[in-house]
Visitor: 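Here it is: the structure, laid out below.
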Amino acid sequence: MDNNWKPKIWVAIALGVILQAFTFLYLNRPKIFWVYFLLSCVVSIIDWKFQTFFSVVFSLICPIHALFVVKHFKHATKRGWYSTRWGLPVICATYFVSVFLFRSFLYEPFIFPSASMRPTINQGNHLVVKKLGFGTYGTYGMDLISSAVSSSNLMQRGKLYAFYPPHTDTPFVKRLMAIPGDKVAIRDNAIRVNGALLTKDRLYKTDDVTVYQQQLDGISYSIQHINGQRSKDMEVVVVPENSYFFLGDNRDNSADSRVWGYVTGDRIIGEVLYIIE
């Protein structure tokens with residue numbers, strides 16, 4: 001590599017603003033890159049969790065630090081391949097493509113916007129959704145593939161799933177209550193699946209709601225009813241092939257399959273793995 005090479009100031013500053021930590025690869029400073037890169041990852045998680053904007057600070061600090069490095073650049077430093085005109089673009093492209101593919105096909109974070117899943121999920125909680133095998137892939141508003149769930153074993157009654165309802169492309173999260181071929185009925189806030197009554201045990205009561213513990217197929221979860229609210233009854237229905245019936249845990253304050261119908265397999269995004277308050 002050329003030991004007489006010296007980085008250009010305007011390139012270093014521009015990369016510092018746009019790519020932040022990656023500018024230090026161009027500046028032939030891999031150790032500094034790793035420090036900023038790891039810090040930016042931590043700060044990005046903090047920003048996601050608390051809805052802050054600390055990561056913006058890196059777009060100010062990195063170009064200033066880059067300018068300092070250029071001003072004190074040592075010509076005798078052996079130039080690494082990662083700082084070349086082909087090395088840096090390859091590294092950046094690989095990184096951003098990897099992030100895109102990871103979010104598209106493996107795991108994707110979401111922020112829950114409503115109260116429809118209380119007491120399980122509160123408004124503003126952060127969710128991590130597992131996507132592999134569910135067939136609906138894409139991220140950042142881009143759809144790559146939309147196919148049916150690869151295996152019916154992935155769809156288990158009682159679990160939480162992210163999906164696109166039939167009426168919108170905005171992701172929803174609800175609890176799966178019935179799978180294809182199941183019979184579902186609701187009367188006086190009591191749910192029957194295939195004729196079996198889902199029992200519920202009262203946990204506590206406030207002035208506004210009553211919270212219950214319910215079980216479905218061995219999965220235990222909490223639901224709530226608004227005190228004095230009229231039951232949203234539903235006569236017996238049979239869930240169609242390749243379709244799923246979802247309900248919100250906040251049973252009297254949730255738009256779900258009682259309102260907009262079934263969710264087909266090609267609209268399932270994935271299973272909710274983690275809920276971060």
Visitor: Could you list who else is in I64's hydrophobic cluster, with ILVMFWY side chains joined at under 4.5 Å, directly or through other members?
Guide: none
Visitor: Can you find a side-chain donor-acceptor pair between S114 and Q123 that sits under 3.5 Å?
Guide: no
Visitor: Give every residue pair that meets the side-chain hydrogen bond (donor to acceptor under 3.5 Å, both in side chains) criterion with at least one member in residues 48-58, sequence neighbours excluded.
Guide: D47-T52, D47-S55
Visitor: Could you grab the distance from atom CZ of F172 to atom CH2 of W260, nearest 0.5 Å is fine?
Guide: 6.5 Å
Visitor: Quick one: salt bridge (Lys or Arg N to Asp or Glu O under 4.0 Å) pairs with a partner in residues 257-277, sequence neighbours left out?
Guide: K159-E271, D169-R267, D256-R258
Visitor: List the residues meeting side-chain contact (heavy atoms from CB on, under 4.5 Å) with T120, not counting sequence neighbours, and say none if there are none.
Guide: L160, R175, D249, I275
Visitor: So which pairs with a foot in residues 32-45 pass side-chain hydrogen bond (donor to acceptor under 3.5 Å, both in side chains), sequence neighbours left out?
Guide: Y36-H65
Visitor: Just checking, is any N or O donor in the side chain of K174 or S254 under 3.5 Å from an acceptor N or O on the other one?
Guide: yes
Visitor: If you measure only the distance, is there a donor-acceptor pair under 3.5 Å linking the side chains of H225 and K200?
Guide: yes
Visitor: Who else is in Y212's hydrophobic cluster (ILVMFWY, side-chain heavy atoms under 4.5 Å, direct or via others)?
Guide: M177, V184, I186, I191, V193, L198, L216, I219, Y221, I223, M234, V237, V239, F245, L247, Y262
Visitor: Can you tell me how far the CG atom of N250 sits from the CZ atom of R118, to the nearest 0.5 Å?
Guide: 7.5 Å
Visitor: Any chance you could pull the hydrophobic cluster mates of I226, using side-chain heavy atoms under 4.5 angstrom and chaining through other members?
Guide: L203, Y204, V209, V211
Visitor: For residues 186-197, which residue pairs qualify under salt bridge (Lys or Arg N to Asp or Glu O under 4.0 Å), counting only residues two or more places apart or in two chains?
Guide: R187-E235
Visitor: Could I get the full list of side chain to side chain donor-acceptor pair (under 3.5 Å) partners for S222, not counting sequence neighbours?
Guide: Q213
Visitor: Is it true that a side-chain atom of T139 and a backbone atom of S104 form a donor plus acceptor pair closer than 3.5 Å?
Guide: no
Visitor: Got a sec, which residues hit salt bridge (charged side-chain N to carboxylate O under 4.0 Å, His left out) with D201, two or more places apart in sequence or on another chain?
Guide: none
Visitor: Answer with yes or no whether the side chains of S231 and D233 bring together a donor and an acceptor at under 3.5 Å.
Guide: yes
Visitor: N227 side chain to T206 main-chain N or O, any donor-acceptor pair under 3.5 Å?
Guide: yes
Visitor: Sequence neighbours excluded, which residues qualify as side chain to side chain donor-acceptor pair (under 3.5 Å) partners of Y164?
Guide: none
Visitor: Output all residues satisfying side chain to side chain donor-acceptor pair (under 3.5 Å) with D182, sequence neighbours left out; order by chain, then residue number.
Guide: R157, N194
